[in-house]
Engineer: 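Sharing a structure here in structure tokens format.
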Amino acid sequence: MDDFERTIRQFLAHIDVERGLSKATVSAYGADLKKYRQWLADQGVGGIAAVTTQDVERYIVFLDESGESSRSKARRLASIHALHRFAVNEHIVVDDVSAQVKAPKGVSTLPDVLTVDEVARLLDSIPVSQNREHDGVVSEFPDDPVMLRDKALLEFMYATGARVSEACGANLDDVDVDGRIAKLMGKGSKQRLIPVGSYACEAIIRYLHAGRPKLESKSKGPVERRALFLNKRGKRLSRQSVWEIIRGAGERAHIDKPLHPHTLRHSFATHLIQGGADVRTVQELLGHASVTTTQIYTHISPENLIETYLMSHPRAR
């Protein structure tokens, strides 16, 4: 193992253990830096002390010529900045050769967002019976336990704005359906409490009553006692499975927009803003460290902009 690879491993251990970043974030850093290291090796650059500012700049050009988006290039450069700062702080190298390399400017793109009607279609596309809880009693449901889970999962993600990792990591004792509140474990192991709407609570109750026990019984090993959402084998649901669930629901709902787990999170935030919630409140609900990150959701559609202008400007009509 050369000193470059050793430094990358030390850096990944640092952000995992000392900074407490999520496993997904650590993995993303690792993938970015592996690609960076391989490219430098192909260029004949040896140890990390041999890297120059020009090498970093040429790598960004290589990414650009490879067709990577501005967002991807900016993310990869952020990983490189973090690695070289770490190397300086640990006295592995003297200078941060990446410090002067700036992220490429690109067109700012808004996240993929569904309309309120599209979200309703997506959630209603999951084939479960329409019986609702009555007088506090939940009757037996003949529904497929997987469909009950999918319904509860997507209702939960839209109700809370949970990241896919937060939904997969949710435990049974993290959700209080009586108090209609959920505890989510966000980035950096930071917890936050989120209100949960009635539709999501009802879907979770039905899943816990008639879906989860059947999925849990499928386990051939130790029974999963903690996880809220289980897969068909009775184990904790994976991120990849959530992607497949959302894509399947989108196909049934005939939604042509790109769908991924964050689509519901983006829609959650956008609909709150459009409904009158202030940015600071949405920031807290999303678990963003900075309000700047949340401000992307304050975009206004042209239709709403025109309507607001006509209603508000004294000489618009």
Side-chain angles (χ1 to χ4, degrees), residues 112-134 136 138-139 141-185 192-215 227-232 236-239 241-253 255 257 259-272 275 277 282 285-287:
D112 298 318
V113 173
L114 301 178
T115 65
V116 173
D117 177 67
E118 286 171 334
V119 169
R121 284 165 46 203
L122 183 76
L123 299 178
D124 291 342
S125 72
I126 300 173
V128 297
S129 60
Q130 298 303 308
N131 304 64
R132 294 166 70 88
E133 183 179 352
H134 181 67
V138 182
S139 61
F141 296 104
D143 298 296
D144 180 344
V146 172
M147 293 296 102
L148 289 174
R149 179 206 62 196
D150 293 353
K151 176 74 168 178
L153 171 70
L154 298 192
E155 288 278 9
F156 176 78
M157 293 183 72
Y158 178 60
T160 63
R163 301 177 177 94
V164 61
S165 57
E166 294 169 344
C168 292
N171 292 322
L172 289 168
D173 57 4
D174 290 333
V175 180
D176 178 1
V177 291
D178 293 326
R180 293 187 178 180
I181 198 163
K183 179 176 65 178
L184 298 180
M185 181 70 74
R192 66 187 189 279
L193 296 178
I194 307 293
V196 183
S198 62
Y199 281 85
C201 284
E202 289 174 5
I204 291 171
I205 289 171
R206 292 176 61 178
Y207 161 65
L208 293 178
H209 177 78
R212 191 184 184 283
K214 293 180 180 179
L215 295 177
L228 175 59
F229 298 111
L230 302 180
N231 63 23
K232 295 177 182 179
R236 187 180 292 272
L237 195 66
S238 69
R239 295 160 58 94
S241 294
V242 178
W243 276 79
E244 294 170 358
I245 291 167
I246 290 180
R247 279 200 291 262
E251 290 175 1
R252 288 192 297 271
I255 294 174
K257 295 179 180 178
L259 290 177
H260 48 83
H262 254 44
T263 303
L264 287 174
R265 179 172 164 85
H266 295 324
S267 302
F268 162 86
T270 301
H271 297 167
L272 282 175
V282 177
L285 292 173
L286 290 173

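Being a predicted model, the structure only gives us computed values, none of them experimental.
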Engineer: Heavy atoms, side chains only, cut-off 4.5 Å: are Lys151 and Asp124 in contact?
Structural biologist: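 Counting from C-beta outward, Lys151 and Asp124 do come under 4.5 Å.
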Engineer: Using salt bridge (Lys or Arg N to Asp or Glu O under 4.0 Å) as the criterion, list what pairs up with Arg265, not counting sequence neighbours.
Structural biologist: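 If we apply the salt bridge (Lys or Arg N to Asp or Glu O under 4.0 Å) test to Arg265, skipping adjacent residues, there are no hits.
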Engineer: Can you sort out the partners of Phe156 under ring-ring contact (aromatic ring centres under 6.0 Å, His included), two or more places apart, ordered by chain and number?
Structural biologist: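 By the ring-ring contact (aromatic ring centres under 6.0 Å, His included) rule, Phe156 matches Phe229.
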Engineer: What is the minimum heavy-atom distance between Asn231 and Arg149, and which atoms define it?
Structural biologist: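 Here Asn231 and Arg149 meet closest at CA-NH1, 3.4 Å.
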Engineer: The criterion is side-chain contact (heavy atoms from CB on, under 4.5 Å); which residues satisfy it with Arg252, sequence neighbours excluded?
Structural biologist: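 Scan of Arg252 (side-chain contact (heavy atoms from CB on, under 4.5 Å), adjacent residues dropped) gives Ser125, Ile126, Pro127, Ala249.
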Engineer: Checking Lys232 now: which residues fulfil side chain to side chain donor-acceptor pair (under 3.5 Å) with it, not counting sequence neighbours?
Structural biologist: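 Side chain to side chain donor-acceptor pair (under 3.5 Å) check on Lys232 returns nothing, list empty.
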Engineer: Test Ile255 against Arg121 for side-chain contact (heavy atoms from CB on, under 4.5 Å), laying out the working first.
Structural biologist: CA-CA 8 Å; Ile255 294 174; Arg121 284 165 46 203; 3.7 Å; yes
Engineer: State the CZ-CD1 distance between Phe268 and Ile194, to the nearest 0.5 angstrom.
Structural biologist: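 Answer rounded to 0.5 Å: 6.0 Å.
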Engineer: Given 3.5 Å as the limit, does a donor-acceptor pair link the side chain of His209 with the main chain of Ile205, or not?
Structural biologist: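 No, the answer is negative, given that no donor and acceptor are paired below the 3.5 Å cut-off.
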Engineer: Return yes if some donor-acceptor pair links the side-chain N/O of Tyr207 with the main-chain N/O of Leu228 below 3.5 Å, else return no.
Structural biologist: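 Side chain of Tyr207 to backbone of Leu228, a donor-acceptor pair under 3.5 Å: yes, one is there.
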Engineer: Taking the side chain as C-beta and beyond, is there a heavy-atom pair between Met157 and Pro261 under 4.5 Å?
Structural biologist: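 Yes, their side chains come closer than 4.5 Å.
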Engineer: For Cys201 versus Arg180, what's the shortest heavy-atom pair and its separation?
Structural biologist: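 Heavy atoms of Cys201 and Arg180 come nearest at SG-CG, 3.6 Å.
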Engineer: Which donor-acceptor pairs under 3.5 Å do the side chains of residues 161-176 make with protein atoms, sequence neighbours left out?
Structural biologist:
{"unit_1": "Arg163", "atom_1": "NH1", "unit_2": "Glu166", "atom_2": "OE2", "d": "2.5"}
{"unit_1": "Glu166", "atom_1": "OE1", "unit_2": "Arg163", "atom_2": "N", "d": "2.9"}
{"unit_1": "Glu166", "atom_1": "OE1", "unit_2": "Arg192", "atom_2": "NH2", "d": "2.9"}
{"unit_1": "Glu166", "atom_1": "OE2", "unit_2": "Arg192", "atom_2": "NH1", "d": "2.8"}
{"unit_1": "Glu166", "atom_1": "OE2", "unit_2": "Arg192", "atom_2": "NH2", "d": "3.4"}
{"unit_1": "Asn171", "atom_1": "OD1", "unit_2": "Arg236", "atom_2": "NH1", "d": "3.4"}
{"unit_1": "Asn171", "atom_1": "OD1", "unit_2": "Arg236", "atom_2": "NH2", "d": "2.7"}
{"unit_1": "Asp174", "atom_1": "OD2", "unit_2": "Asn171", "atom_2": "N", "d": "2.8"}
{"unit_1": "Asp176", "atom_1": "OD1", "unit_2": "Asp178", "atom_2": "N", "d": "3.1"}
{"unit_1": "Asp176", "atom_1": "OD1", "unit_2": "Gly179", "atom_2": "N", "d": "2.9"}

Engineer: Work out which heavy atom in Ala210 is nearest to a heavy atom in Pro145; give both atom names and the distance.
Structural biologist: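 So the minimum-distance heavy-atom pair works out to O-CB, 4.3 Å.
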Engineer: Are any of the side-chain heavy atoms of Glu155 and Ile204 separated by less than 4.5 Å?
Structural biologist: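 They are not in side-chain contact.
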Engineer: Over all heavy atoms of both residues, which pair between Gly197 and Ala159 is shortest? Give the atoms and the distance, please.
Structural biologist: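 The pair with the smallest heavy-atom distance is N-CB, 4.1 Å.
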Engineer: So which atom in Arg206 and which in Val128 form the shortest heavy-atom distance, rounded to 0.1 Å?
Structural biologist: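 So the two residues come closest at NH2-CB, 4.4 Å.
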Engineer: As a test of understanding, state which of Leu215, Asp150, Ile245 forms a side chain to side chain contact (heavy atoms under 4.5 Å, CB included) with Leu237.
Structural biologist: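 By the side chain to side chain contact (heavy atoms under 4.5 Å, CB included) criterion, Leu237 pairs with just one of Leu215, Asp150, Ile245: Ile245.
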Engineer: Could you tell me whether the side chain of Val196 reaches within less than 4.5 Å of the side chain of Val177, counting heavy atoms only?
Structural biologist: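 No; the side chains remain at least 4.5 Å from each other.
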Engineer: Decide yes or no for His260 and His266: does some side-chain heavy atom of the first lie under 4.5 Å from some side-chain heavy atom of the second?
Structural biologist: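 Side-chain contact under 4.5 Å: yes.
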Engineer: What is the minimum heavy-atom distance between Lys183 and Leu193, and which atoms define it?
Structural biologist: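 So the minimum-distance heavy-atom pair works out to CB-CD2, 3.8 Å.
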Engineer: Got a second to check how far Leu114's CG is from Leu264's CG, nearest 0.5 Å?
Structural biologist: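 Going from CG on Leu114 over to CG on Leu264, the span is 6.5 Å.
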Engineer: Using side-chain contact (heavy atoms from CB on, under 4.5 Å) as the criterion, list what pairs up with Glu251, not counting sequence neighbours.
Structural biologist: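 Expected list: none.
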Engineer: Do the non-hydrogen side-chain atoms of Leu122 and Thr263 ever get within less than 4.5 Å of each other?
Structural biologist: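 No; the side chains remain at least 4.5 Å from each other.
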